[in-house]
Structure formats: C-alpha cells, structure tokens
Amino acid sequence: MSLTPEIQMQFLFALRSKGVTDQQVLGAMEAVDRGQFVRGLFADRAYEDMPLPISCGQTISQPSVVGLMTQALQVSARDTVLEVGTGSGYQAAILARLARRVYTIDRHARLVREARDVFEAQSIANLTSLVGDGSFGLPEQAPFDRIIVTAAAEDPPGPLLAQLKVGGIMVVPVGQSDHVQSLIRVHKTADGLEYDELREVRFVPLLEGLGKDT
Ligand code: SAM
C-alpha cells in the first residue's frame, strides 16, 4: 500500500489522539514511512495503529507506543542513543531523525540484515545496527545520553543503567512477558536513579544472556 496524503493524515491523527503531541516526534514520524518496515502479508496494514508480525516471530511495535516512548525519551540533536531491540528498524529510523547518533542492536541477525537494507535504501547515515545480546548494552560505545529498550525486561538491566550518562534517560518496559507490563522512565542523576511509571504496555520479552540468533 502506498502512503497517500489522506492515509498520512489519519496516521498522524491516530498518534495525536493517543497522546503523541511533541512536534519534533510527530515530524520524525511523518518523515519515516512505516510501510518500508513491514513486509509480506501485513504490508497493507502498515498505517494502522497496531503492532504487526515481522520475521523471526517478533513484532514491529504499535505506532502510538513508538511515539509515546520516543516522546518520553526527550531526545535532542546532540544525543547519542542506544536502542536495544532493532526489530524492523522503524523505531531506530525515527530516533535517527532526532539524535546525533543512534546505535541499535538485536539478537536476530536476520532482523538486523533486513533493517539495514531499509536504512541503506533511505541513506540514513547516523545509524549503526549491530547483532548481539543488547541486555549487556554496547560497552565499546558507552556512555549514552539516552537508552530505549523495546522488549520487556524483568528489571531495568544493570549493564544498561551503568552505560547511561549522568543526566541521561532510559525508557524500558518492565514486567513478565505474558502479563501487562509497565513502561518505566529512569533518570540518572548525580544522586542516583529516579523512576517514573508511564503507562501499561505489552512487549515481547527481552531475552537476557542467551546471545545472538540467526
Ligand atoms: N523496535 C522494534 C521496531 O521498531 O520494529 C520493535 C522491537 S520488537 C517489539 C523486540 C525486539 O527485541 C525483537 O526484535 C527481539 O529480537 C529483540 N530482543 C529481545 N531480546 C533481545 C536482546 N537480549 N538483545 C537484543 N535484542 C533483543
């Protein structure tokens, strides 16, 4: 399905009606065509506000949840961002429009390959995608101004908290995968960590310590 002005208007209306109000986030989501990140059978549903299946039994998140998480992350043009859970690459492409540099990591090599094809086709130059277990973060590029985890962890992973700068923000869904989870925002201050609970969400699990997959 191609993205007509009418479909784009409905897509943005759905985002606003679910609470995505930050103009920069809306601008980034207007510029990144979700249809490029959804393949096969579900491509026709790319502009609906719902999660959809992608390769490797994973999902591309619901656009309004992508918008709300991006908004909560408060990304500025000076920031270096780590995303754990590349999936389709959609969230990473949006972050790349807002940040100075984005690193995104997924344990499935196939997902990273497919996402990279889209990043290359769109000539996104400030985005690096890697295969690996993101629950350990990316120590060689740390510390990060912002970290976003797009899979549900039992607790905010310690290595990621350690790789967040003082003054930095991490957004992470927390809870068991077969239950409703809480979206948590962590601010790292000079005095320690401050936690806000933002809303209920449902994400596939963050698989910790299992290494990479094909
Ligand atoms: N952000 C994605 C997007 O825009 O399409 C959606 C991410 S999907 C809901 C969650 C992703 O987290 C899956 O692709 C899964 O392979 C990945 N994942 C789960 N555990 C991981 C881990 N330990 N390290 C890296 N990626 C992981």
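Only a predicted model underlies this, so the values are computations on that prediction, with no experimental measurement involved.
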Side-chain heavy atoms of [X] within contact of [Y], under 4.5 Å:
{"X": "Met69", "Y": "Leu183", "answer": "yes"}
{"X": "Thr104", "Y": "Thr128", "answer": "no"}
{"X": "Gln58", "Y": "His108", "answer": "yes"}
{"X": "Leu206", "Y": "Pro157", "answer": "yes"}
{"X": "Val112", "Y": "Leu130", "answer": "no"}
{"X": "Leu82", "Y": "Ile148", "answer": "no"}
{"X": "Asp145", "Y": "Val81", "answer": "no"}
{"X": "Ile60", "Y": "Val38", "answer": "yes"}

For residues [X] and [Y], report the shortest heavy-atom separation together with the two atoms involved.
{"X": "Met29", "Y": "Pro63", "value": "CE-O, 3.3 Å"}
{"X": "Val66", "Y": "Ser61", "value": "CG2-CB, 3.7 Å"}
{"X": "Arg34", "Y": "Pro51", "value": "NH2-CA, 4.2 Å"}
{"X": "Leu160", "Y": "Ser135", "value": "CG-O, 4.3 Å"}
{"X": "Ala96", "Y": "Asn126", "value": "O-ND2, 2.8 Å"}
{"X": "Val174", "Y": "Asp155", "value": "CG1-CA, 4.2 Å"}

Is it true that [X] and [Y] fall in one hydrophobic cluster, defined by side-chain heavy atoms closer than 4.5 Å?
{"X": "Val32", "Y": "Met9", "value": "no"}
{"X": "Val172", "Y": "Val75", "value": "no"}
{"X": "Leu161", "Y": "Phe144", "value": "yes"}
{"X": "Ile94", "Y": "Leu3", "value": "yes"}
{"X": "Val186", "Y": "Phe203", "value": "no"}

Could you grab the distance from atom [atom1] of [X] to atom [atom2] of [Y], nearest 0.5 Å is fine?
{"X": "Arg146", "Y": "Lys165", "atom1": "CZ", "atom2": "NZ", "result": "9.5 Å"}
{"X": "Thr21", "Y": "Leu26", "atom1": "OG1", "atom2": "CG", "result": "7.0 Å"}
{"X": "Arg199", "Y": "Ile184", "atom1": "CZ", "atom2": "CD1", "result": "13.0 Å"}
{"X": "Ile124", "Y": "Arg97", "atom1": "CD1", "atom2": "CZ", "result": "8.0 Å"}

Mark yes or no for whether [X], through its side chain, and [Y], through its backbone, hold a donor-acceptor pair below 3.5 Å.
{"X": "Lys188", "Y": "Ile169", "answer": "no"}
{"X": "Ser88", "Y": "Tyr90", "answer": "yes"}
{"X": "Glu83", "Y": "Ile147", "answer": "no"}
{"X": "Arg116", "Y": "Ser129", "answer": "yes"}
{"X": "Glu30", "Y": "Leu12", "answer": "no"}
{"X": "Gln163", "Y": "Leu138", "answer": "yes"}
{"X": "Gln71", "Y": "Asp22", "answer": "yes"}

May I ask you to decide whether [X] forms a salt bridge with [Y], counting only side-chain N to carboxylate O separations under 4.0 Å?
{"X": "Arg185", "Y": "Asp196", "result": "yes"}
{"X": "Arg110", "Y": "Glu114", "result": "yes"}
{"X": "Lys18", "Y": "Asp49", "result": "yes"}
{"X": "Arg100", "Y": "Asp79", "result": "no"}

*Go through the structure and list residues passing salt bridge (charged side-chain N to carboxylate O under 4.0 Å, His left out) with Arg101, not counting sequence neighbours.*
none
_Ser182 and Glu197: CA distance, side-chain angles, deciding distance, side chain to side chain donor-acceptor pair (under 3.5 Å) verdict_ = CA-CA 7 Å; Ser182 289; Glu197 206 173 315; 3.0 Å; yes
_Parallel, tilted or perpendicular: ring planes of Phe119 versus Phe37, cut at 30 and 60 degrees_ = tilted
*asked:* Test side chain to side chain contact (heavy atoms under 4.5 Å, CB included) on Val131 and Asp106; report intermediate values, then the result.
replied: CA-CA 5 Å; Val131 181; Asp106 203 290; over 6 Å; no
Residue [X] excluded, over 12 heavy atoms near [atom1] under 6.0 Å:
{"X": "Tyr195", "atom1": "OH", "answer": "yes"}
{"X": "Gln8", "atom1": "CD", "answer": "yes"}
{"X": "Gln24", "atom1": "CD", "answer": "no"}
{"X": "Glu140", "atom1": "CD", "answer": "yes"}

Between [Y] and [X], is there a side-chain donor-acceptor contact under 3.5 Å, judged purely by atom types and distance?
{"X": "Tyr47", "Y": "Asp33", "answer": "yes"}
{"X": "Thr189", "Y": "Asp191", "answer": "no"}
{"X": "Thr70", "Y": "Gln91", "answer": "yes"}

*Test log, rule side chain to side chain contact (heavy atoms under 4.5 Å, CB included), inputs Met50 and Arg45*: CA-CA 8 Å; Met50 53 165 55; Arg45 312 198 70 176; 3.9 Å; yes
*Walk me through it: do Leu73 and Leu95 pass the test side chain to side chain contact (heavy atoms under 4.5 Å, CB included)?*
CA-CA 10 Å; Leu73 204 59; Leu95 291 168; 3.9 Å; yes
*asked:* Please evaluate residues Leu193 and His187 with respect to the criterion side chain to side chain contact (heavy atoms under 4.5 Å, CB included), reporting the C-alpha separation (whole Å), side-chain torsions for both, the decisive distance (0.1 Å), and the verdict.
replied: CA-CA 6 Å; Leu193 300 169; His187 279 95; over 6 Å; no
